[in-house]
Amino acid sequence: MAQPSYYTLVYAITREIPRGRVSTYGAIADFLALGSARMVGWALNNSFNQEGIPAHRVVNRKGELTGRNHFPSPTMMQEMLEEEGVKVEDHRVVDFDRLSWHPRVLGMDYEINIE
DNA sequence: TGTTTGACCACGG
DNA sequence: GCCGTGGCCAAAC
């Protein structure tokens, strides 16, 4: 994509989420200082066109896997997380407070790598 | 072109 | 701590 759209930014940040950690829609929207948390969800919905985007690591602020219904299989999101060592119980990330990751750690001058 | 709709969040009561 | 409400902005209709 020559011109970075909002989607591109969301995708780039989502790719930076470390394995075994989770992030939230609000955190991503907050770091981008653009749009809203809703748009992050919209972008991720469209992210199935792109490959290699760990959309399963993005949950809502309560740690709930609200996006699970948008995966090919509703149980896939949980299984992928558990495979990375993130325990999920009753559609919620266990110990979410400790595992939540904020893109701020990338630094303010982080340059997004657009493919 | 105007309205509706989202994988949401912060806030006030 | 739960509930209603407003805000957010791009796509679909």
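As a basis for the values below, the full set of heavy atoms in this structure was taken, side chains included, without hydrogen atoms, waters or symmetry mates. All chains are named by letter (A, B, ...) in the order of the sequence lines, taking the proteins before the strands, and each is independently numbered beginning at 1.
- C:dC9 atom P lies 14 Å from atom CG of A:Leu9, rounded to whole Å.
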Just list the side-chain donor-acceptor pairs under 3.5 Å for residues 81-89 of chain A, sequence neighbours left out, or say none.
from	atom 1	to	atom 2	distance (Å)
A:Glu82	OE2	A:Gln78	NE2	3.4
A:Glu84	OE1	A:Arg57	NE	2.9
A:Glu84	OE2	A:His56	NE2	3.0
A:Glu84	OE2	A:Arg57	NE	3.3
A:Glu84	OE2	A:Arg57	NH2	2.8

Hey, what are the protein-to-nucleotides 11-13 of chain C N/O distances that come in under 3.5 Å?
from	atom 1	to	atom 2	distance (Å)
C:dA11	OP1	A:Tyr7	OH	3.0

Pick out the pairs of N or O atoms, protein on one side and nucleotides 11-13 of chain B on the other, that lie under 3.5 Å.
none

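- Nucleotide B:dA7 holds its C1' atom 9 Å from the CZ atom of A:Phe71, rounded to whole Å.
- Counting distance only, with no hydrogens placed and no angle test, the side-chain atoms of A:Tyr6 and the base atoms of C:dA10 include no donor-acceptor pair under 3.5 Å.
- Listed for the A:Tyr11 side chain is no donor-acceptor partner under 3.5 Å among the backbone atoms of A:Ile53.
- The side-chain contact (heavy atoms from CB on, under 4.5 Å) check on A:Thr66 picks up A:Tyr25, A:Asn60, A:Glu64, with sequence neighbours excluded.
- As a whole-Å value, the separation of A:Leu81 CG from B:dA7 C1' is 13 Å.
- Atom CD1 of residue A:Ile13 and atom CG of residue A:Leu32 lie 5.5 Å apart, to the nearest 0.5 angstrom.
- Across residues 93-103 of chain A, not one residue has a non-hydrogen atom less than 4.0 Å from an atom of DNA chain B.
- As judged by a 4.0 angstrom heavy-atom cut-off over every strand, A:Asn60 is placed among residues touching the sugar-phosphate backbone only.
- Taking the ring-ring contact (aromatic ring centres under 6.0 Å, His included) definition, one finds that A:Phe71 meets it with A:Phe48, sequence neighbours left out.
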Side chains of residues 99-106 of chain A: which donor-acceptor pairs under 3.5 Å do they make with residues two or more places apart or in other chains?
from	atom 1	to	atom 2	distance (Å)
A:Ser100	OG	A:Asp97	O	3.4
A:His102	ND1	A:Arg104	N	3.0
A:His102	NE2	A:Asp30	OD2	3.4

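- Side-chain atoms of A:Ala37 lie closest to B:dC9 of the nucleotides C:dC9, B:dC9, B:dA7.
- The CE-P distance, from A:Met39 to C:dC9, rounds to 10 Å in whole Å.
- Considering only heavy atoms from C-beta on, A:Met39 stays 4.5 Å or farther from A:Val10 through its side chain.
- Clustering ILVMFWY residues whenever any of their side-chain heavy atoms sit less than 4.5 angstrom apart, transitively, puts A:Leu44 in a cluster other than the one holding A:Met80.
- Residues that satisfy the salt bridge (charged side-chain N to carboxylate O under 4.0 Å, His left out) test with A:Arg92, not counting sequence neighbours, are A:Asp90.
- Rounding to whole angstrom units, CG of residue A:Leu44 and C1' of C:dA10 are separated by 14 Å.
- Every residue two or more places apart in sequence or in another chain that forms a salt bridge (charged side-chain N to carboxylate O under 4.0 Å, His left out) with A:Arg98 is listed here: A:Asp95.
- Between the CG atom of A:Leu34 and the P atom of C:dC9 there is a distance of 9 Å, rounded to whole Å.
- Taking only side-chain atoms of A:Ser36, from C-beta outward, the nucleotide of B:dA7, B:dC9, C:dC9 with the closest atom is C:dC9.
- Rounded to whole Å, the distance from CD1 on A:Ile28 to C1' on C:dC8 is 16 Å.
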Considering only nitrogen or oxygen atoms on both sides, find all protein atoms under 3.5 Å from nucleotides 1-5 of chain C and state each distance.
none

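- Listed by first then second residue, pairs satisfying ring pair (Phe, Tyr, Trp, His ring centres under 6.0 Å) with a partner in residues 74-97 of chain A number zero, not counting sequence neighbours.
- Note on A:Ala55: a base of the nucleic acid sits closer than 4.0 angstrom, heavy atoms only.
- For the salt bridge (charged side-chain N to carboxylate O under 4.0 Å, His left out) condition, no pair includes a residue of residues 44-55 of chain A, sequence neighbours left out.
- Annotation: the span from A:Ile28 atom CD1 to A:Leu34 atom CG amounts to 13.0 Å, rounded to 0.5 Å.
- In this structure, the separation between CG on A:Leu65 and CE on A:Met76 is 12.0 Å, given to the nearest 0.5 Å.
- In this structure, the CG atom of A:Leu32 is 14 Å from the P atom of B:dC9, given to the nearest Å.
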